[in-house]
Amino acid sequence: MRYIPKSPEERETMLRAVGCDSIDQLFESIPSALRLGRELRLDRGRSEPEILRYFEERAAENAGDFACFVGAGAYDHFRPSVVDAMISRSEFYTAYTPYQPEISQGTLQAIFEFQTLMCQLTGMDVANASLYDGSTALPEAVMMAVRANGRRRVLLARSIHPEYRQVLNTYLQHQNIALDEIPWGNSGQADHAELQARVGSDVSAVVLQSPNFFGVVEDVAAATKIAHAAGALLVVMITEPVSLGILHPPAEADIVAGEGQSLGVPLSFGGPYVGFVATREKYIRSMPGRLVGQTTDSRGERSFCLTLATREQHIRREKATSNICTNQALCALMVTVYLSVYGKKGFRELALQNVAKTQYAQKKFLKAGASLRFSGPHFNEFIVRGEGSRGLDAKLRQERIIGGLDLGRFYPELEGDRLFCFTETASREKIDKLVEVYAAHELTVHAAQQQRS
Amino acid sequence: MADHIKKARPHVNQNEDLIFERSSAGKCAYQLPPLDVPPADTGALGGFTRDEIPGFPEVSEMEIVRHFTRLSTWNYGVDTGAYLLGSCTMKYNPKINELVARLKGIANVHPYQPQEASQGCLKVLKLLSESLLEITGMDAITLQPAAGAHGEMTALLMVHAYLASQGNPRHKVLIPDSAHGTNAASAAMAGYKTLNLPSNSEGMVDLATLERLMDDDVAALMLTNPNTLGIFEERIAEIARIVHARGGLVYMDGANMNALVGVSRPGDFGVDVLHLNLHKTFSTPHGGGGPGAGPVAVRKQLEPFLPIPTLIEKPDGSLALDYDRPASIGRVRAFYGNFGVLVRALAYILANGAEGLRESTEEAVLNSVYVRKNLEDSYELPYKRPALHECVFSDKRQAQHGVHTGDIAKRLIDYGFHPYTVSFPLIVPGALMIEPTESESKQELDLLIDALRSIAREAEQEPETVLHAPHTTRIARVDEVQAARRPILRWKPEPRT
Amino acid sequence: MYPANFRYSKEHEWVNVDGNVATVGITEHAQKQLGDIVFIELPGLGAKLEAGKECGTVESVKAVSEIYSPVSGEVTEVNTALNETPEWINQDPHGKAWMFKVALSAPLWDELLSAEQYEAYLREEEGH
């Protein structure tokens with residue numbers, strides 16, 4: 001096997017050195033009845049060209065090079081070439097968690113930069129070194145709020161990513177934390193009158209997503225006032241952090257958590273992505289996940305190390321703030337490189353291009369006779385009302401377009417409505433084509449309905 | 001540098017400030033294509049806008065490349081040299097894995113693409129699932145958990161759901177004192193109290209104690225096999241019988257699966273549910289702490305409780321994701337798992353085939369046994385039973401000279417190696433936990449053995465050299481106490497007040 | 001090493017009683033076991049403590065230890081300076097690193113040890 005660095009002779013020498021006649025002898029501590037005694041029923045080992053061909057064939061069965069107008073928690077942004085070039089340095093990607101700071105300063109400094117960037121983006125004081133993804137960052141943030149103030153009821157906007165809410169339900173099923181939903185209003189923002197009515201002194205946290213699942217920007221400051229008046233924390237989830245290039249950061253909130261995939265991490269059919277949680281200084285010790293801190297070495301040089309580890313599972317075991325061990329460090333590095341590339345000016349320009357493409361698409365849809373579901377401010381996603389879009393996907397695929405998520409799968413009340421996303425990668429030509437196909441499809445659906453009635 | 005250090009040499013490059021400190025106004029590393037639509041109307045954003053982000057970096061592309069390249073050279077990876085961390089399985093990460101994970105049509109597939117347009121991805125999931133089931137001897141699997149600890153939580157939620165369906169979810173989980181810390185934390189998240197199961201004098205599960213503690217309120221035994229001493233629990237069949245007799249389940253932490261692949265299957269020795277760490281056994285890179293993947297494989301009776309979605313084959317032969325599973329524990333994450341990691345693991349399995357996988361296991365065990373044999377004279381071996389893929393020494397002899405496992409680890413850095421796992425498992429005071437994996441050559445292992453023997457001599461003859469190590473790294477020993485007492489967790493433009 | 005006028009718990013706290021007020025801290029042995037202390041969580045003013053129950057934590061870089069109150073009563077004073085300078089616990093555990101004062105609500109616990117008994121207990125623990 002080409003990954004094994006040993007000649008037959010060396011193997012023999014080593015076997016003799018440990019006093020064994022055969023390899024099998026090494027496994028004598030496994031009772032023979034429990035040994036497999038046959039080869040695994042898997043194929044023979046394949047050469048590189050064969051492996052490459054296998055995956056190229058699989059890739060060809062996916063619609064890989066289509067224009068993608070779906071977001072919904074995973075965003076198609078351009079990834080500058082520098083990102084992959086840097087994360088392909090094998091000193092980064094073949095390293096373990098930086099337990100030995102003297103030979104891990106690269107990873108540690110990069111994570112310190114990541115933590116700083118996430119603070120700058122969100123307006124928070126501290127950010128952790130990453131969590132699995134945005135969906136698992138939600139329960140981590142909720143459990144953190146519960147630890148911080150000891151209350152056990154949480155109000156959750158229904159406009160938070162539906163899969164995130166499902167994950168939250170799974171995590172909390174045995175934790176004695178009650179969940180309650182806040183509906184959305186006509187603007188698509190969380191209904192603050194409902195929030196006001198439901199919040200109370202038993203509520204640990206109010207959780208919003210902004211921009212929410214429908215692309216609508218929430219009024220975080222106003223929601224925070226309501227939450228704080230009841231002594232509850234405000235938690236803001238972010239699934240599209242490119243929005244923070246132009247949108248006011250949720251600096252009024254107490255905890256900001258979410259998904260960093262937008263910032264240089266490939267779509268990769270849903271993962272690996274990179275979750276994060278950021279908060280105010282006073283909640284540091286309730287935070288889940290690893291933290292990197294600045295310190296000095298014994299010669300007084302600035303250096304970095306993992307710190308405040310007593311919150312974590314390897315020390316506090318069942319009382320830890322989370323069970324997380326492996327995180328998403330390499331994806332966090334992608335984010336760090338990506339944000340360094342765009343920087344202060346570029347990140348804002350990037351966000352503005354997303355807004356411009358989205359506003360253009362909104363106008364095209366309206367002109368084609370479609371109507372938009374919500375009136376609130378949108379970043380790069382919006383919902384087009386639909387009569388039932390069966391058959392649309394196939395027509396779009398003929399034009400090499402993936403477009404519009406039918407919301408019926410998550411919200412029965414929005415059956416037929418489609419959630420579209422337009423990032424900087426959307427070309428005017430493809431947007432025009434999308435709207436043309438959509439309008440034609442809706443017309444035929446209408447005609448068919450009228451015929452029936 | 002000391003004469004007895006054979007190969008390692010310090011090397012030169014410039015110091016590198018934080019990216020923020022390299023910044024100056026007007027530098028940039030980006031260019032967006034010209035906008036082909038009218039510019040954004042920020043007035044439509046409801047007044048929720050911000051200015052440029054203060055403190056955000058402004059640097060050129062060349063500086064970014066230098067910055068991260070220099071940082072990378074301060075790291076130590078598997079590609080740099082032997083990475084001895086026990087229970088971490090730091091094996092070689094094949095390069096073809098990286099190539100295929102970045103293919104167009106793999107790396108850029110949106111998770112909500114219609115299933116008809118994602119058949120290639122679903123086929124990858126299917127082949128990997130089938131391969132892992134054959135390797136583990138289990139009946140069903142979910143590939144979704146993002147890491148080992150996430151898999152543990154997923155598995156325990158399934159245990160809870162299954163036992164509840166049998167009438168009583170129970171309240172306790174038994175965890176040996178040699179277990180990973182995640183076990184206890186994961187059990188707590190699944191609503192279980194943990195009960196400590198003390199090991200016997202041989203470092204193994206004590207059957208009498210297990211018999212005594214195993215009652216009708218214990219949901220599961222969480223067992224690592226081989227355990228964190230590298231020792232196979234040879235009475236595993238009896239252990240499973242005891243647990244099953246009281247209606248409990250046997251959970252296996254698969255962190256040490258690299259000792260078993262192709263040789264012995266958990267499904268054949270009584271395990272009901274286990275997680276695998278694809279970033280350990282199946283060669284996907286650790287990335288400086290992640291991402292990983294922690295699939296959970298189960299026996300038939302637990303299958304209805306797998307997280308949604310599961311993979312199914314439709315009558316027309318196409319693949320689909322099934323969300324309609326009323327007994328499921330629910331969703332454990334958005335989308336379907338760390339797909340990019342799963343691709344790499346499958347590439348590794350394809351490259352090895354049945355024979356290569358077995359051979360890798362054999363070589364991993366041979367390497368560990370060889371290291372153990374050659375170091376027995378220099379270091380205390382607290383548990384003498386034959387071990388498989390890793391070996392655990394203690395610093396008992398060196399501690400007499402004031403030198404502890406953490407110091408030996410730092411000194412090993414000077415010799416050009418990434419240290420072993422320090423002070424774990426907890427049942428060995430002053431533990432040195434070494435897992436060489438199959439990826440080390442005889443030359444590299446001989447060099448390692450020389451180094452550890454040399455450090456044992458230094459501990460006796462010149463303990464100060466060991467106590468102040470490392471001496472050859474870019475920075476000296478890091479003050480972790482200061483970091484924790486006065487936490488500085490981010491850069492700020494002005495001095496902190 | 002261990003002041004004769006203090007009493008000691010098997011969880012390694014010390015108590016110094018003056019009239020109805022008990023001053024509590026952790027022992028030299030405890031600080032040594034933990035190593036460099038980086039963080040401390042103490043009971044709040046007015047907290048009602050019960051002998052033998054958890055009332056705070058002490059943390060070093062790689063260990064956490066609970067503080068068990070050796071006495072019952074109400075907390076009347078807390079040494080908040082320790083929040084800023086936890087290193088005092090390493091430097092002077094029986095002196096300026098006292099942790100809190102308690103107005104006793106019950107007679108002292110029988111199980112508390114004298115200095116001599118505590119030192120014998122430590123020797124015995126080490127023997128294991």
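Only heavy atoms go into these numbers, but all of them, side chains included; no hydrogens, no water, no symmetry mates. What you see is a predicted model, and the numbers here were worked out from it, not measured in a lab. Throughout, protein chains are lettered first and strands after them, A, B, ... in sequence-line order, and every chain is numbered starting at 1.
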Which bit of [X] comes within less than 4.5 Å of chain B, counting heavy atoms only: side chain, backbone, both or neither?
X: A/Ser104; value: both
X: A/Lys345; value: both
X: A/Leu405; value: side chain
X: A/His161; value: side chain
X: A/Arg290; value: neither
X: A/Leu121; value: both
X: A/Gln353; value: both
X: A/Glu56; value: both
X: A/Ile402; value: side chain
X: A/Pro101; value: both
X: A/Val292; value: backbone
X: A/Phe347; value: side chain
X: A/Met86; value: side chain
X: A/Ser427; value: both

Could you walk me through whether B/Asn75 and A/Thr107 pass the side chain to side chain donor-acceptor pair (under 3.5 Å) test, one step at a time?
-> CA-CA 7 Å; B/Asn75 262 10; A/Thr107 296; 2.6 Å; yes
Side chain, backbone, both or neither: which part of [X] has a non-hydrogen atom closer than 4.5 Å to chain A?
X: B/Pro54; value: backbone
X: B/Ser360; value: both
X: B/Leu99; value: side chain
X: B/Gln119; value: both
X: B/Arg385; value: neither
X: B/Leu103; value: side chain
X: B/Glu152; value: neither
X: B/Ile475; value: both
X: B/Pro470; value: side chain
X: B/Met189; value: both
X: B/Leu388; value: side chain
X: B/Ala101; value: neither
X: B/Thr194; value: side chain
X: B/Lys410; value: side chain

Can you tell which of [options] has the highest number of heavy-atom pairs within less than 4.5 Å of chain B?
options: A/His378, A/Glu163, A/Arg58, A/Arg41; answer: A/Glu163
options: A/Asp84, A/Asp297, A/Thr97; answer: A/Asp297
options: A/Arg397, A/His314, A/Glu301; answer: A/Arg397
options: A/Tyr132, A/Tyr360, A/Phe304; answer: A/Tyr132
options: A/Gln175, A/Arg299, A/Arg35; answer: A/Arg299
options: A/Asp65, A/Val18, A/Asn169, A/Ile246; answer: A/Ile246

Winner by heavy-atom pair count (cut-off under 4.5 Å) against chain A, out of [options]:
options: B/Ala334, B/Gly191, B/Ala190; answer: B/Ala334
options: B/Glu234, B/Glu359, B/Gln113, B/Glu58; answer: B/Gln113
options: B/Glu134, B/Glu116, B/Glu52; answer: B/Glu134
options: B/Ser118, B/Gly330, B/Ala187; answer: B/Ser118
options: B/Asn352, B/Val343, B/Val422; answer: B/Asn352
options: B/Ala44, B/Gly46, B/Gly292, B/Gly55; answer: B/Gly55

Please check if the distance between the ring centroids of A/Tyr96 and B/His286 is under 6.0 Å.
-> yes
Centroid separation B/Tyr83 to B/Tyr76 less than 6.0 Å = yes
Ring pair (Phe, Tyr, Trp, His ring centres under 6.0 Å) partners for A/Tyr3, two or more places apart | B/Tyr92
Distance-only, no hydrogens or angles: does the [X] side chain make a donor-acceptor pair with backbone N or O of [Y] under 3.5 Å?
X: B/Thr182; Y: B/Ala149; result: no
X: A/Asp76; Y: B/His110; result: no
X: B/Ser23; Y: B/Ile19; result: no

A/Arg11 and salt bridge (Lys or Arg N to Asp or Glu O under 4.0 Å): which partner among B/Glu438, B/Glu363, B/Glu362?
-> B/Glu363
So A/Thr136 and A/Asp133, side chain to side chain donor-acceptor pair (under 3.5 Å) or not? Walk me through it.
-> CA-CA 6 Å; A/Thr136 56; A/Asp133 73 345; 2.8 Å; yes
Between atom [atom1] of [X] and atom [atom2] of [Y], what is the distance when rounded to the nearest 0.5 Å?
X: B/Trp74; Y: A/Ser303; atom1: CH2; atom2: OG; result: 10.5 Å
X: B/Ile488; Y: A/Thr307; atom1: CD1; atom2: OG1; result: 10.0 Å
X: B/Phe232; Y: A/Phe27; atom1: CZ; atom2: CZ; result: 11.0 Å

B/Lys27, NZ: over 12 other non-hydrogen atoms inside 6.0 angstrom | yes
Lys/Arg N to Asp/Glu carboxylate O, B/Lys123 vs A/Glu57, below 4.0 Å | no
Does A/Lys357 come within less than 4.0 Å of B/Asp36, counting only side-chain N to carboxylate O?
-> yes
Describe, in one word, how the ring planes of B/Tyr336 and A/Phe269 are oriented to each other, choosing from parallel (under 30°), tilted (30 to 60°) and perpendicular (over 60°).
-> tilted
Pairing residues for A/Arg317 by the salt bridge (charged side-chain N to carboxylate O under 4.0 Å, His left out) criterion, not counting sequence neighbours = none
